[in-house]
Amino acid sequence: MARKLPFLMLILLQLALLPHSQCLNSESAGFSLRLTRRDLPDSNSFHQRLESTGHFPDVIRPRITRADYIFTIDAGIGTPSSQKPFIFDLGSELTWTQCTPCVNCFQQNYPLFDPKRSRTYRKLPRNHPLTRWTTSFARYNNGAFTFNIAYGSGQTSTGIVSIETFSFPSHRRGPEIIPGVVFGCANNQQGYFSSMVTGVIGMNRSPVSLISQMRSLSARRFSYCFPPINSPVNTTRLRFGSDIKKIEDLQGTRFLSTRDYSYRVKLLGISVAGRRLDLPNRSFPRGCTLDTGCAVSRIETRVYSEVERVLIQHFNRFNLTRLPPGSISRGDLCYSPRPGFINYPNMTFHFQGADYGIGPKNLFLFLDNRFCLAMFPDKITILGAYQQQDVRFVYDIGNQKVLFREEDCSQDKA
Ligand SMILES: *[C@@H]1O[C@H](CO)[C@@H](O)[C@H](O)[C@H]1NC(C)=O
Ligand SMILES: *[C@@H]1O[C@H](CO)[C@@H](O)[C@H](O)[C@H]1NC(C)=O
Ligand SMILES: *[C@@H]1O[C@H](CO)[C@@H](O)[C@H](O)[C@H]1NC(C)=O
Ligand SMILES: *[C@@H]1O[C@H](CO)[C@@H](O)[C@H](O)[C@H]1NC(C)=O
């Protein structure tokens with residue numbers, strides 16, 4: 001039997017392992033991964049080459065599945081192909097999976113990827129066009145590019161930048177293959193990763209991300225709709241390019257240009273329960289980052305205090321007493337509702353040109369006999385996966401904008 005840990009340490013351990021505190025954003029809480037561009041953002045030569053050598057399907061529809069508070073995408077990797085789930089992460093660029101031999105791998109419910117058993121595995125050659133991008137996080141030594149990624153909530157991943165064939169479900173019966181995908185064969189990870197995943201699919205705006213590598217098939221447009229946590233439907237589809245249905249009445253806002261390729265948009269203000277918070281001008285100098293690798297949203301610390309103050313006022317009015325902080329994490333805002341309580345407030349993020357409504361279902365975590373605000377204070381503001389449930393999103397990288405509207409995502413069954 002393991003030596004007994006002091007009580008406080010147990011609590012801290014639990015907090016560190018809470019799935020909803022996970023955030024793969026490279027800028028939140030602590031780490032700041034600075035990517036340096038060595039060149040102009042033109043990766044055409046690489047993508048043209050891929051198109052001329054590769055066989056490209058016209059439609060692929062990867063499955064998106066809920067895994068606790070985040071979402072995963074299943075991909076086939078290698079030849080012969082093995083299916084593995086990856087965290088669907090808008091906040092990072094390099095796709096990676098845990099490989100053998102492994103120095104330190106987190107436990108996963110799937111076998112490790114074994115490059116020796118795949119006919120199509122290669123280390124990234126030194127003259128590959130994407131090397132001028134991977135040098136932002138990878139170094140060449142001893143005949144291979146090694147990568148080193150540090151995520152916002154403290155996880156790290158290191159390994160060898162490689163090339164492999166990926167495959168995804170398509171509109172036809174069988175899977176469609178995408179050869180020559182640059183990815184990371186990871187063999188040394190630290191920090192919390194769910195055993196339901198084997199790695200990360202990076203979907204930011206960098207030329208290295210999967211969406212950019214699949215440019216000819218995706219037209220750099222993708223769309224998803226996350227079913228809510230209590231929905232019997234736990235799997236929907238990620239759609240690309242012309243496979244995205246025309247949807248009426250979408251609202252839209254433009255991406256800010258960012259050095260880290262994140263999907264950052266301009267945030268002008270926040271309303272709680274229909275009333276706009278009285279915030280100083282320029283309260284969101286770094287806008288709001290749309291991210292799916294973050295389980296719940298983060299709000300810039302000073303604004304978070306104001307959100308919290310207004311919510312406490314709201315619940316005071318209905319005579320609810322705040323539970324002692326620490327129910328789910330440090331400083332959290334939790335209440336236990338009276339039977340029949342219905343006066344849950346909502347929230348709106350006022351983006352430039354578009355209001356993003358967050359109803360009670362997406363604002364609070366409903367646990368046994370209490371409910372808690374599903375947001376944390378942080379250095380930057382992030383719209384996380386929990387606040388994106390039952391909303392249709394269309395990311396259009398070429399036109400530099402994101403479109404959205406409420407939708408019943410259970411209708412988007414896989
Ligand atoms: C998704 O739902 C199906 C059917 O309800 C269930 O069998 C499966 O285990 C669920 N998957 C996850 C990851 O929860
Ligand atoms: C939020 O609640 C307020 C007050 O109940 C209501 O007027 C407003 O329309 C709601 N906003 C959204 C986006 O649902
Ligand atoms: C804040 O912005 C408003 C509208 O642009 C402007 O009228 C006001 O003077 C600004 N306040 C400060 C303190 O800069
Ligand atoms: C809250 O409590 C006060 C004092 O007991 C009472 O007068 C008021 O009606 C209560 N309000 C609600 C919404 O229950």
Side-chain angles (χ1 to χ4, degrees), residues 223-231 247-254 263-279 283-284 287-292 294-300 303-324 333-366 369-376 381-395 401-412:
S223 177
Y224 61 83
C225 192
F226 292 155
I229 194 154
N230 56 4
S231 169
I247 302 150
E248 302 291 318
D249 304 326
L250 289 166
Q251 294 196 75
T253 188
R254 293 184 67 77
Y263 297 102
R264 199 178 301 170
V265 299
K266 191 158 188 178
L267 181 58
L268 303 172
I270 291 181
S271 290
V272 176
R275 288 183 54 189
R276 187 116 174 192
L277 299 181
D278 185 15
L279 300 172
S283 279
F284 305 98
C288 172
T289 303
L290 309 180
D291 194 359
T292 51
C294 262
V296 305
S297 293
R298 313 288 170 127
I299 296 185
E300 197 276 324
V303 178
Y304 181 88
S305 307
E306 184 60 11
V307 167
E308 195 180 50
R309 192 184 68 77
V310 171
L311 285 174
I312 290 172
Q313 221 172 44
H314 175 92
F315 290 117
N316 280 348
R317 213 173 315 136
F318 295 98
N319 293 345
L320 292 194
T321 314
R322 181 177 180 177
L323 295 173
L333 184 65
C334 298
Y335 288 88
S336 63
R338 272 192 307 277
F341 180 78
I342 52 162
N343 300 98
Y344 297 99
N346 59 18
M347 188 180 283
T348 302
F349 277 21
H350 302 285
F351 295 135
Q352 174 106 64
D355 282 347
Y356 187 84
I358 302 171
K361 179 180 78 176
N362 283 6
L363 190 53
F364 300 102
L365 294 171
F366 294 89
N369 46 10
R370 68 213 145 112
F371 64 93
C372 302
L373 177 62
M375 294 184 172
F376 295 129
T381 302
I382 297 171
L383 187 73
Y386 196 79
Q387 277 70 44
Q388 299 183 24
Q389 301 174 118
D390 269 347
V391 179
R392 162 68 53 190
F393 281 93
V394 179
Y395 288 74
K401 64 185 179 188
V402 57
L403 304 166
F404 54 80
R405 69 165 282 183
E406 271 183 53
E407 185 174 313
D408 175 359
C409 297
S410 64
Q411 299 303 308
D412 191 30

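This structure is a prediction, so every number in the text was calculated from the model and none was measured. Just follow the structure's listing: the first ligand is 1, and inside any ligand the first atom is 1. When a residue number appears, it is its place in the shown sequence, counting from 1.
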Mind checking ring-ring contact (aromatic ring centres under 6.0 Å, His included) for Phe404 and listing every partner two or more places apart, or none if nothing turns up?
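For Phe404, the residues satisfying ring-ring contact (aromatic ring centres under 6.0 Å, His included) (neighbours in sequence not counted) are Tyr356.
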Partners of Tyr344 by ring-ring contact (aromatic ring centres under 6.0 Å, His included), sequence neighbours excluded?
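Testing Tyr344 for ring-ring contact (aromatic ring centres under 6.0 Å, His included), a comparison that skips the adjacent residues, returns Phe341, Phe366, Phe371.
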For Arg317, atoms of ligand 4 separated by under 4.0 Å from a heavy atom:
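Result: 13 (C).
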Does NZ in Lys361 sit with more than 12 non-hydrogen atoms of other residues, nucleotides or ligands closer than 6.0 Å?
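More than 12 heavy atoms, drawn from other residues, nucleotides or ligands, come within 6.0 Å of this atom.
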What residues form a side-chain contact (heavy atoms from CB on, under 4.5 Å) with Asn316, not counting sequence neighbours?
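Expected list: Ile312.
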Given side chains that start at C-beta, do those of Asp408 and Asp390 come closer than 4.5 Å, heavy atoms only?
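Yes, side chains in contact.
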Between Tyr395 and Tyr224, is the ring centroid distance below 6.0 Å?
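Ring-ring flag for Tyr395/Tyr224: true, centres closer than 6.0 Å.
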Write 'none' if nothing qualifies; otherwise put on separate lines each N/O atom of ligand 2 with a protein N/O atom under 3.5 Å away and their distance to 0.1 Å.
residue	atom	partner	partner atom	Å
ligand 2	2 (O)	Asn346	OD1	3.1
ligand 2	2 (O)	Asn346	ND2	2.5
ligand 2	11 (N)	Asn346	ND2	2.8
ligand 2	14 (O)	Asn346	ND2	3.1

